[in-house]
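This structure is in structure tokens; I'll ask about it shortly.
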Amino acid sequence: MKKILSYTLSLILLMACSSKPVTANRPMPEVIDSAFAFAQRQALLMAQKYEGQEGRLPRSFVDGKDKSSDSRWWCSGFFPGTLWYLYENGKDEQILKYAQLYTDRVEREKYTTNNHDVGFMLYCSFGNGLRLTGEERYEEVLLTGAKSLATRYKENIGLIRSWDHNKENWQYPVIIDNIMNLELLLWAAAYSGDSTFYKMAISHADKTIEHHFRPDFSSFHVVSYDTVTALPHKKQTHQGYADSSAWSRGQAWGLYGYTYLYRLTKEERYLQQAVNIAEFLINHPNMPADGIPYWDFDTPEIPDTPRDASAGCIMAAALTELCGFVDGERADKFLNMAIKQVKTLASEEYTAKQGENGCFILKHSTGAFPLNSEIDVPLPYADYYYLEALSRLKRIYKEK
Ligand code: GLY
């Protein structure tokens, strides 16, 4: 009761005090500071809202109603991760307390072996927590999680299996999103000294370059491998417009994946892959002028179809890192695209009002359009990668 009362009071207070609007025309350092200040207040409201709901984590806000999940949902690590980015940038003790509390809610996922999402769940929550606090307990969680993820790797195929459903259609499905989970394996290799984790990550990354990408560097969503020949037997989509289309978030996962793979391995082929994906995305004729993609680059309904802010956030987070790995005009091009995307996201069009939007920071993401699920709603991964992009931009402006 006390918690509900304190949440309601905070909500009323925050809605009453007019916060300075974040607009796209202000100087970038101001946009960044303002976006962080807003995000911190909004995330505190979110944290207070779910504090008394044991084990629950924010999932979305649909038709005016909160949607939460337990830790099993693939997005469970994103809200704790959002809090860690806020703590990193604001050093607020209340935020730290909530970052720890919500991170602990995800711990049981270290035993997850029935899907590949354990990387998303644990690396965004415990991974950031370890990076920022050095908490030793988090190391065990991450290592156990990496071992669980590794059980999904089959030596003769050389990839981690993403999903177990739809067995009558897919023998061994691997989705482009899976490239994001390798960071946990690379952490485990460095931490434990066991090179098996490293070899798995490299094999998965190389085979994904070989089989997931088209000549223009767009990617398929699902590639299913024949378990006998270890070659693709199907290339399809699940969340995109068509098997042959460029599903926006999938393209962004690929860009982000090969960018961090280059950071952690220094293998030039990963840098080249990330650069090629970035060029494909930035130069795409269907990329809107404000930098936030529609949910699929090839849907014939453009421009009368929803955007996917989450794809814009993931792209911006990746580009703010990738721009540091290339030189000259290319570095400027990547950084300028990320700046444009973040300015758009920080505008009133995309940033919610304090206390609204289910206390999520950003509006207008699309989870799975063809499945009629989570269309034009807030999603926790949009907020997470937006804050990562803001953090990286803050560092870049500090160094300027
Ligand atoms: N990894 C699931 C998605 O991007 O929707």
Between NE2 of H116 and CH2 of W74, what distance do you get to the nearest 0.5 Å?
8.5 Å

Counting N and O atoms only, with roles assigned by atom type, does the side chain of K147 sit under 3.5 Å from a partner on the main chain of L142, one being a donor and the other an acceptor?
no

Could you report the tightest heavy-atom contact between L379 and S365, atom names first, then the distance?
CD1-CB, 3.6 Å

Compare every heavy atom of E139 with every heavy atom of W187, then report the nearest pair and how far apart it is.
CH2-O, 3.5 Å

Return yes if some donor-acceptor pair links the side-chain N/O of T265 with the main-chain N/O of L261 below 3.5 Å, else return no.
yes

Using a 3.5 Å distance criterion without hydrogens, assess whether the side chain of Y260 forms a donor-acceptor pair with backbone atoms of E183.
yes

Closest non-hydrogen atoms of A43 and F79, given as atom of the first, atom of the second and distance, are O-CZ, 3.7 Å

Tell me whether the count of non-hydrogen atoms from other residues, nucleotides or ligands lying under 6.0 Å of NZ in K353 goes above 12.
no

How long is the span from the CD1 atom in I339 to the NZ atom in K343, to the nearest 0.5 Å?
7.5 Å

Parallel, tilted or perpendicular for H238 and H165, by the 30°/60° rule?
tilted

Restricting to non-hydrogen atoms, name the atom on L387 and the atom on T82 that form the minimum distance, rounded to 0.1 Å.
CD1-CG2, 3.3 Å

Would you give the length of the straight line joining atom CZ of R56 to atom OG of S76, rounded to the nearest 0.5 angstrom?
11.0 Å

Backbone N or O of G355 within a donor-acceptor pair of the Q42 side chain at under 3.5 Å?
yes

Is the F369 ring parallel, tilted or perpendicular to the W295 ring (thresholds 30°, 60°)?
parallel

The reported gap from OH in Y172 to CG in L231 (rounded to nearest 0.5 angstrom) is 14.0 Å

Let me see the working for Y85 and L83 under side chain to side chain contact (heavy atoms under 4.5 Å, CB included), right down to the final yes or no.
CA-CA 5 Å; Y85 275 123; L83 293 166; over 6 Å; no

Does S148 use its side chain to pair, donor to acceptor, with the backbone of K110 at less than 3.5 Å?
yes

Do you know the tightest heavy-atom contact between P173 and R161?
CD-NH2, 3.6 Å

Test of understanding: clusters of I, L, V, M, F, W, Y form through side-chain heavy atoms closer than 4.5 Å, transitively. Do Y294 and M287 belong to the same one?
no

N372 versus I375: any side-chain heavy-atom pair under 4.5 Å?
yes

Under the 6.0 Å and 45° cation-pi test, does K394 pair with Y397?
no

Are S203 and Y153 close enough that a side-chain donor and a side-chain acceptor fall under 3.5 Å?
yes

Answer yes if V106 and L130 sit in the same cluster of Ile, Leu, Val, Met, Phe, Trp and Tyr residues linked by side chain heavy atoms under 4.5 Å apart, and no otherwise.
yes

Under 3.5 Å: donor-acceptor pair, side chain of R249, backbone of G367
yes

Take the angle between the ring planes of W163 and H221 and call it parallel below 30°, perpendicular above 60°, tilted in between.
perpendicular

Is a donor from one side chain sitting under 3.5 angstrom from an acceptor on the other, for T344 and Q341?
no

For F120 and W253, I'd like to know if the aromatic rings sit close, meaning centre-to-centre distance below 6.0 Å.
yes

How about NZ on K91, more than 12 heavy atoms from neighbouring residues, nucleotides or ligands closer than 6.0 Å, or not?
yes

Side chains of D296 and S245: is there a donor and an acceptor less than 3.5 Å apart?
yes

Would a distance-only check, ignoring hydrogens and angles, find a side-chain to backbone donor-acceptor pair under 3.5 Å from D70 to R72?
yes

Mutual orientation of the aromatic rings belonging to F297 and F280 [parallel < 30°, tilted 30-60°, perpendicular > 60°]
perpendicular

Does a donor on one side chain sit under 3.5 Å from an acceptor on the other, for N89 and Q40?
no

The test is side-chain hydrogen bond (donor to acceptor under 3.5 Å, both in side chains); show your working for T103 and W84 and say whether it passes.
CA-CA 9 Å; T103 292; W84 283 120; 2.8 Å; yes

Polar side-chain atom of N178 near backbone of I160 as donor-acceptor pair, under 3.5 Å
yes

Of all the heavy-atom pairs spanning Y138 and T133, show the shortest one and how long it is.
CE1-OG1, 4.1 Å

S248 and Q251: side-chain hydrogen bond (donor to acceptor under 3.5 Å, both in side chains), yes or no, with the steps?
CA-CA 5 Å; S248 299; Q251 313 311 304; over 6 Å; no

Looking at F360 versus F61, is the centre-to-centre ring distance below 6.0 Å?
no

May I ask you to check whether E321 and T259 show a side-chain donor-acceptor distance below 3.5 Å?
no

Is the side chain of R26 donor-acceptor paired with the backbone N or O of V31 at a distance under 3.5 Å, no angle test?
no

I'd like to know whether the aromatic ring centres of Y385 and Y256 sit less than 6.0 Å apart in this structure.
yes

Pair Y384-N128, side-chain hydrogen bond (donor to acceptor under 3.5 Å, both in side chains): steps then yes or no:
CA-CA 11 Å; Y384 174 85; N128 277 310; 2.9 Å; yes

Please determine whether the number of non-hydrogen atoms from other residues, nucleotides or ligands lying under 6.0 Å from atom NZ of K67 exceeds 12.
yes

No-hydrogen, no-angle side-chain donor-acceptor test under 3.5 Å, Q272 and Y258:
no

Check whether the ring centres of H211 and Y225 lie less than 6.0 Å apart, and answer yes or no.
yes

Using a distance-only test with no angle check, is there a side-chain donor-acceptor pair under 3.5 angstrom linking S68 and R59?
no

With no hydrogens and no angle check, is any side-chain donor or acceptor of K363 less than 3.5 Å from a backbone partner on E348?
yes

H233 and S224: side-chain donor and acceptor closer than 3.5 Å?
yes

For the residue pair K266 and Y262, would you count it as a cation-pi contact if the rule is NZ or CZ under 6.0 angstrom from the ring centre and within 45 degrees of the ring axis?
yes

Distance-only polar pair, side chains of T237 and D243, donor-acceptor under 3.5 Å:
no

Please work out whether the ring planes of F78 and Y381 are parallel, tilted or perpendicular, with thresholds of 30° and 60°.
tilted

